[in-house]
J.: 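To start, I am sharing the structure in question, which I have written as structure tokens.
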There are 2 protein chains.
Amino acid sequence: MKSLHDMPERPGPARASLDRLFELTEVLGALMQRGMADRGLTLARAGVLWALFHDGPMTQRALAAARGVTPRNVTGLLDALQEEGLIAREAHPTDRRATLVSLTPKGREFTAGLRGGRDELAALLFADLPPQQLDTFAATLVLAIERLKDVDSTAHA
Amino acid sequence: MKSLHDMPERPGPARASLDRLFELTEVLGALMQRGMADRGLTLARAGVLWALFHDGPMTQRALAAARGVTPRNVTGLLDALQEEGLIAREAHPTDRRATLVSLTPKGREFTAGLRGGRDELAALLFADLPPQQLDTFAATLVLAIERLKDVDSTAHA
DNA sequence: GCATATCGTGAAGTGACTTCACTATGTAGT
DNA sequence: ACTACATAGTGAAGTCACTTCACGATATGC
């Protein structure tokens with residue numbers, strides 16, 4: 001008969017894939033961090049710029065929700081970005097408590113550069129792959145993301 | 001004739017896959033961080049434990065190289081782990097400058113728990129996938145990791 | 001109007017990380 | 001053996017992301 005402990009001895013394809021995922025997370029994270037450092041800012045600050053680029057001007061509160069961090073943290077990140085001239089704080093037209101954050105021209109230019117870098121990297125990584133392989137890859141990624149989010153939400157309960 | 005700007009308008013499968021990768025990096029990172037926080041420690045500290053678990057006792061210098069951080073940082077992480085009773089510093093048998101770091105029984109127990117959690121997650125994510133899909137996925141991951149490392153090393157030049 | 005929720009921010013603190021300087025020790029080179 | 005140099009770990013000081021708590025200013029519901 002098969003022992004309950006037959007499986008754990010061999011890696012198994014599922015575990016191997018997850019380990020690859022961990023490795024990729026590390027490498028990709030490091031690469032992004034380096035890329036941002038070369039451009040003179042940090043991942044957290046770049047994330048704020050990216051959110052503004054995608055969704056347009058918004059309040060700091062909305063930005064905090066979009067980035068999943070505390071409002072207080074957003075204040076600090078924006079202070080730095082404003083110092084660099086990449087974002088601007090304006091008065092909110094109707095709510096005098098809130099400030100409306102938007103990209104300056106310089107911020108827009110910078111963010112367009114980011115987008116270009118991303119597209120370049122995407123081409124470098126995947127452009128030469130057979131469409132079917134890339135499809136399978138993307139579909140599996142989507143599945144993994146979905147299940148990970150599930151785990152996270154049930155863990156919060 | 002086709003304009004040079006035909007392509008950038010559509011996302012394209014390569015860019016979509018890379019964006020998924022970014023998303024997964026975020027979600028997986030958040031999940032790991034939460035998992036470690038629940039167990040009473042941080043990602044950086046857990047990484048040190050994991051390295052010791054895999055490669056056995058080693059000097060702080062070796063640990064720094066294995067984790068890709070500065071030796072000074074290792075000192076701080078080990079201080080915390082030693083406080084928790086998860087690692088022990090012993091005198092190096094031949095080199096009196098170095099300290100040999102090893103897992104305590106408590107540290108080994110803890111790390112075995114981590115491994116169990118990883119295997120559980122792997123099963124949850126991938127166990128029910130057709131072998132061929134998982135193979136394609138893993139192979140593409142390996143390719144992406146390899147190319148990312150390439151980019152990083154050439155960028156260092 | 002008055003209670004209450006919300007917006008941003010000062011104050012204070014944590015964790016991961018860095019660089020620089022310094023001591024203690026190993027390793028040559030002559 | 002003695003001098004020169006590299007290496008192991010750590011104290012000091014600082015940066016960045018992030019948190020919680022408290023507070024003043026405004027909005028909003030009743």
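Each chain gets a letter, A, B and so on, in the order its sequence line appears, and its residues count up from 1. Note: hydrogens, waters and symmetry copies are ignored here, and every other heavy atom, side chains too, is used.
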J.: In whole angstrom, give the distance that lies between atom CD of A/Glu83 and atom C1' of D/dC16.
T.: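 Nearest whole value for this atom pair: 15 Å.
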J.: Where the side chain of A/Gln60 is concerned, which of C/dT9, C/dA16, D/dG9 is the nearest nucleotide?
T.: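 Selected nucleotide: C/dT9.
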J.: Show me the pairs that pass salt bridge (charged side-chain N to carboxylate O under 4.0 Å, His left out) and involve residues 62-81 of chain B, at least two apart or across chains.
T.: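 Qualifying pairs, neighbours excluded: A/Glu26-B/Arg67, B/Asp79-B/Arg89.
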J.: Which parts of residues 86-95 of chain A get close to DNA chain D, meaning a heavy atom less than 4.0 angstrom away?
T.: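 Residues of residues 86-95 of chain A under 4.0 Å from DNA chain D: A/Thr94, A/Asp95.
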J.: For B/Arg72 and C/dT23, what is the distance between atoms CZ and P respectively, to the nearest whole Å?
T.: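 The distance from CZ of B/Arg72 to P of C/dT23 comes to 16 Å, rounded to the nearest Å.
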J.: Begin from the C-alpha positions of B/Arg147 and A/Asp128 and carry the test salt bridge (charged side-chain N to carboxylate O under 4.0 Å, His left out) through to its verdict.
T.: CA-CA 12 Å; B/Arg147 289 182 174 176; A/Asp128 63 337; 2.8 Å; yes
J.: Could you check which of D/dT10, C/dT9, C/dC17 has an atom nearest any side-chain atom of B/Leu77?
T.: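 So the nucleotide nearest the side chain must be C/dC17.
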J.: Return yes when atom CD of A/Glu83 has more than 12 non-hydrogen atoms of other residues, nucleotides or ligands closer than 6.0 Å, and no otherwise.
T.: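 Atom CD in A/Glu83 is not packed in, count stays at 12 or less.
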J.: Name every residue in residues 38-54 of chain B that has at least one heavy atom under 4.0 Å from any atom of DNA chain D, in order of residue number, or write none if there are no such residues.
T.: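 Contacting residues: none.
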J.: Less than 3.5 Å apart, any donor N or O on the side chain of B/Thr99 or B/Gln60 sitting next to an acceptor on the other?
T.: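 Indeed, the side chains of B/Thr99 and B/Gln60 share at least one donor-acceptor pair under 3.5 Å.
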J.: Please tell me if A/Thr70 has a side-chain N or O lying less than 4.0 Å from either OP1 or OP2 of D/dT19.
T.: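 Yes, A/Thr70 has a side-chain N/O under 4.0 Å of OP1/OP2 on D/dT19.
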J.: Flag yes if A/Leu81 and A/Leu100 sit in one hydrophobic cluster, no otherwise; membership is Ile, Leu, Val, Met, Phe, Trp, Tyr, and two members link when side-chain heavy atoms are under 4.5 Å apart.
T.: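 Each belongs to a different hydrophobic cluster.
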J.: For the base of C/dG8, is there a side-chain donor-acceptor partner from A/Arg61 under 3.5 Å away?
T.: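 Result: at least one qualifying N/O pair found.
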J.: Among the nucleotides D/dT20, D/dT10, C/dA24, which one has an atom lying closest to any side-chain atom of B/Arg97?
T.: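 Side chain of B/Arg97 sits closest to C/dA24.
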J.: Could you state the atom-to-atom distance from CG of A/Leu78 to P of C/dC7 in whole Å?
T.: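 Interatomic distance, CG of A/Leu78 to P of C/dC7: 15 Å.
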J.: Please classify the nucleic acid contact of B/Arg96 as base, sugar-phosphate, or nothing, using heavy-atom distances under 4.0 Å.
T.: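 The residue B/Arg96 makes sugar-phosphate contact but no base contact.
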J.: May I ask you to evaluate whether A/Thr99 reaches the phosphate of C/dG8, defined as a side-chain N or O under 4.0 Å from OP1 or OP2?
T.: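 Yes, within the criterion.
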J.: Consider only side-chain heavy atoms of I, L, V, M, F, W and Y, link residues closer than 4.5 Å, and tell whether B/Leu28 and B/Val142 are in one cluster.
T.: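 Different clusters.
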J.: How many Å lie between CG on B/Leu81 and C1' on C/dA16, as a whole number?
T.: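 About 13 Å, once rounded to whole Å.
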J.: Classify the nucleic acid contact of B/Thr75 as base, sugar-phosphate or nothing, counting any heavy atom under 4.0 Å across all strands shown.
T.: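 B/Thr75: base contact, heavy atoms under 4.0 Å.
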J.: Closest nucleotide of DNA chain D for B/Val74 versus for A/Asn73: which of these residues is on the 5' side?
T.: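 Nearest-nucleotide comparison on DNA chain D picks B/Val74.
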J.: Nearest whole angstrom, please: distance from the P of C/dC17 to the CG of B/Leu63.
T.: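 Taking atom P of C/dC17 as the reference, CG of B/Leu63 is at 12 Å.
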J.: What does the inter-axis angle of the helix from C/dG1-D/dC30 to C/dT30-D/dA1 come out as, five pairs per end, nearest 10 degrees?
T.: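 Between the axes fitted at each end of the helix from C/dG1-D/dC30 to C/dT30-D/dA1 lies an angle of 20°.
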J.: What's the shortest heavy-atom distance between B/Ala98 and B/Thr59, and which atoms?
T.: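 Of all heavy-atom pairs spanning B/Ala98 and B/Thr59, the closest is CB-CG2, 4.1 Å.
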J.: Under the salt bridge (charged side-chain N to carboxylate O under 4.0 Å, His left out) definition, can you give me all pairs with a residue in residues 36-57 of chain B, not counting sequence neighbours?
T.: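 Sorted result for residues 36-57 of chain B: B/Arg34-B/Asp38.
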J.: For B/Phe126 and A/Ala14, which heavy atoms make the closest approach, and how far apart are they?
T.: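 Closest approach of B/Phe126 to A/Ala14: CD1-O, 3.7 Å.
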J.: Would you kindly give the CZ-to-C1' distance between A/Arg67 and D/dC18, to the nearest whole Å?
T.: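 It works out to 13 Å between those atoms.
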J.: Quick one: B/Asp79 CG to C/dC17 P, roughly how many Å, whole number?
T.: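 It works out to 14 Å between those atoms.
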J.: Name all residues meeting the side chain to side chain donor-acceptor pair (under 3.5 Å) criterion together with B/Glu109; count only those two or more places apart in sequence or in a different chain, and write none if there are none.
T.: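 Testing B/Glu109 for side chain to side chain donor-acceptor pair (under 3.5 Å), a comparison that skips the adjacent residues, returns none.
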J.: Which one of A/Leu21, A/Thr25, A/Val27 satisfies the side-chain contact (heavy atoms from CB on, under 4.5 Å) criterion with B/Thr25?
T.: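 Going through A/Leu21, A/Thr25, A/Val27 one by one, the side-chain contact (heavy atoms from CB on, under 4.5 Å) with B/Thr25 is satisfied by A/Thr25 alone.
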J.: What are the two closest non-hydrogen atoms of A/Thr154 and A/Val151, and how far apart are they?
T.: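 Result for this residue pair: OG1-O, 3.0 Å.
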